[in-house]
Amino acid sequence: MDKVFALVDCNNFYASCEKLFRPDLKHTPVVVLSNNDGCVVARSREVKALGLKMGAPVFQVRDLIEQHNIACFSSNYALYADMSNRVMTVLEQEAPQVEIYSIDEAFLDLTGIDAVYDMACQIKAKVDQYTGIRVGVGIAPTKTLAKLANHAAKVYPATGGVVDLTERERQRRLMALVEIGEVWGVGRRLSKHLQARGLHTALDLADADPKMIRREFSVVLERTVRELNGISCLELESMAPTKQQIVCSRSFGERITQKNELKEALAKYVARAAEKLRQEACLAQVLQVFIRTGVFNPNERHYSNSASVKLSAPCDDTRAFLAAMEPLFESIYRPGFRYAKAGVMLTDFYQPNTYQTDLFYPEEDRERSKNLMGVLDKINRQGRGHLFFAAQGVTPQWSMKREFLSPAYTTNWNSLPKVY
DNA sequence: TCTGGGGTCCTAGGACCC
DNA sequence: TCTGGGGTCCTAGGACCC
């Protein structure tokens, strides 16, 4: 039986979440900013119409923002994550198989369902009714084509937000209209190379020789070509695969010049990364840390370095990672720079009980570690940062700038929206 | 002066083995 | 003057995604 995938994608997701609780902004242009209120990372429909670019640094578009009275919001991930969960819950109720692909997108497996188009319309209506979030739906025999169908649902309002691309003729008609860079898996670099070879539209890519594509580009792009021709190469992955790395990094609200402050920042990221690791129920053996100055100012001396260490055994104890971080930091720190960003990465993951233990680390210590971390996490689930390590410092001067943060409307009792 | 954060996969090349 | 062949594993870097 032919496969049928649907891609459901929330419209302007972050901006929509902000608007949801601010009916007064219903027709106002809205942008959501990255951490430190640095870049534009989401735009409402009105803002897109104004031509304000995704990823634009705020200071470069400040005039445009003032001129059009664009409402700015700092990223409120607590809100977006909760709204995302609500949307995904509806999808899981409506569809037999769901792959949550990102915070605002999911693939559905609708193979074997008659009247797929009607079902997609129903799902769209239900998400809107239950969450207030508008979605677009693209239907096709492969994931790559479903992405393309979803793109069409967005670009052509006449579609009403649902596009069924099951028919080959429709697929080809659409692909002829779509630039090659819009294809899922074709980024900026590939786009340039492909255009240099005379391939400009999605259809050009679909009609390219897969053997040539593999030889000249990669096996990944070859798969894309086949997918564009209706041959499904990418399965629905309804089980979230276990993570292979955990990264925690931040740009600072202000440049750091003090050594101890930089170390405290790293300690904080180590603690957060270890917490995430325990949430995943994983153990990690390699810790990497990095620090760097700003990268954009050409008049400034630049420095960037990283170092990593392999622990004697995989673990998930924050204390062990903190102890390992210190010498790494000492080895890469250089005084006299204005540091802009730092981060840590955990890799080399193991499942508990499937690894070689450290001969000199007794079982009872492991038990105590597990209990201690358990208590730590339990307390911090009541509110992040209730309990922390002294190494993290108590009065960070460098914390993130979030000047335009909206309330945690859906996840904090004290921030529930009030209706008068 | 001010430019985000967190992931995955693939490939090429080097080290090493027999 | 002439110096093999076949393989694995690891890492860094590059591409992509949201």
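All values below come from the heavy atoms of this structure, side chains included, with hydrogens, waters and symmetry mates left out. So you know, we letter chains A, B, ... as the sequences are listed, proteins then strands, and number each from 1.
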Grab the CG-C1' distance between A:L277 and B:dG6 for me, whole Å please. 15 Å
Where do N or O atoms of nucleotides 7-9 of chain B meet protein N or O atoms at under 3.5 Å, pair by pair?
residue, atom, partner, partner atom, Å
B:dG7, OP2, A:V247, N, 2.7
B:dT8, OP1, A:Q244, N, 3.2
B:dC9, OP2, A:Q244, NE2, 3.1

Checking A:T142 now: which residues fulfil side-chain hydrogen bond (donor to acceptor under 3.5 Å, both in side chains) with it, not counting sequence neighbours? none
Look at the rings of A:Y101 and A:F107 and say which category their plane angle falls in: under 30° parallel, 30 to 60° tilted, over 60° perpendicular. perpendicular
Taking everything shown except A:E179 itself, do over 12 heavy atoms lie less than 6.0 Å from its CD? no
Does B:dG5 have its OP1 or OP2 closer than 4.0 Å to a side-chain nitrogen or oxygen of A:K341? yes
I want to check one thing: is the phosphate of C:dC18, taken as OP1 and OP2, less than 4.0 Å away from some side-chain N or O of A:K147? yes
Answer yes or no on whether A:R301 is positioned over the face of A:F337, meaning its NZ or CZ is under 6.0 Å from the six-membered ring centre and within 45° of the axis. yes
Expressed in angstrom and rounded to an integer, what is the separation of A:E105 atom CD from C:dC18 atom P? 6 Å
Taking only residues two or more places apart in sequence, or in another chain, which ones meet A:K3 in a side-chain hydrogen bond (donor to acceptor under 3.5 Å, both in side chains)? A:E235
A:A340 versus A:G294, closest heavy-atom pair with distance: CB-N, 3.4 Å
CG of A:D37 versus C1' of B:dC2: gap in Å, rounded? 11 Å
Using a strict heavy-atom distance below 4.0 Å, which residues from residues 249-266 of chain A are in contact with DNA chain B? A:S249, A:R250, A:S251, A:R255
Residue pair A:T144 / A:T224: nearest heavy atoms and the distance that separates them: CG2-CG2, 4.2 Å
Overall bend of the helix from B:dG5-C:dC18 to B:dC18-C:dG5 (five pairs an end, 10° steps) is 10°
Between A:Y80 and A:E18, does any side-chain donor sit less than 3.5 Å from a side-chain acceptor? yes
I need the CZ-P distance between A:R215 and B:dC10, as an integer number of Å. 20 Å
Side-chain donor-acceptor pairs under 3.5 Å in residues 129-136 of chain A, sequence neighbours left out?
residue, atom, partner, partner atom, Å
A:T131, OG1, A:V127, O, 2.6
A:T131, OG1, A:I133, N, 3.1
A:R134, NE, A:D128, OD2, 3.0

Please work out which of the three classes, parallel, tilted or perpendicular, describes the rings of A:Y77 and A:Y14, given edges at 30° and 60°. perpendicular
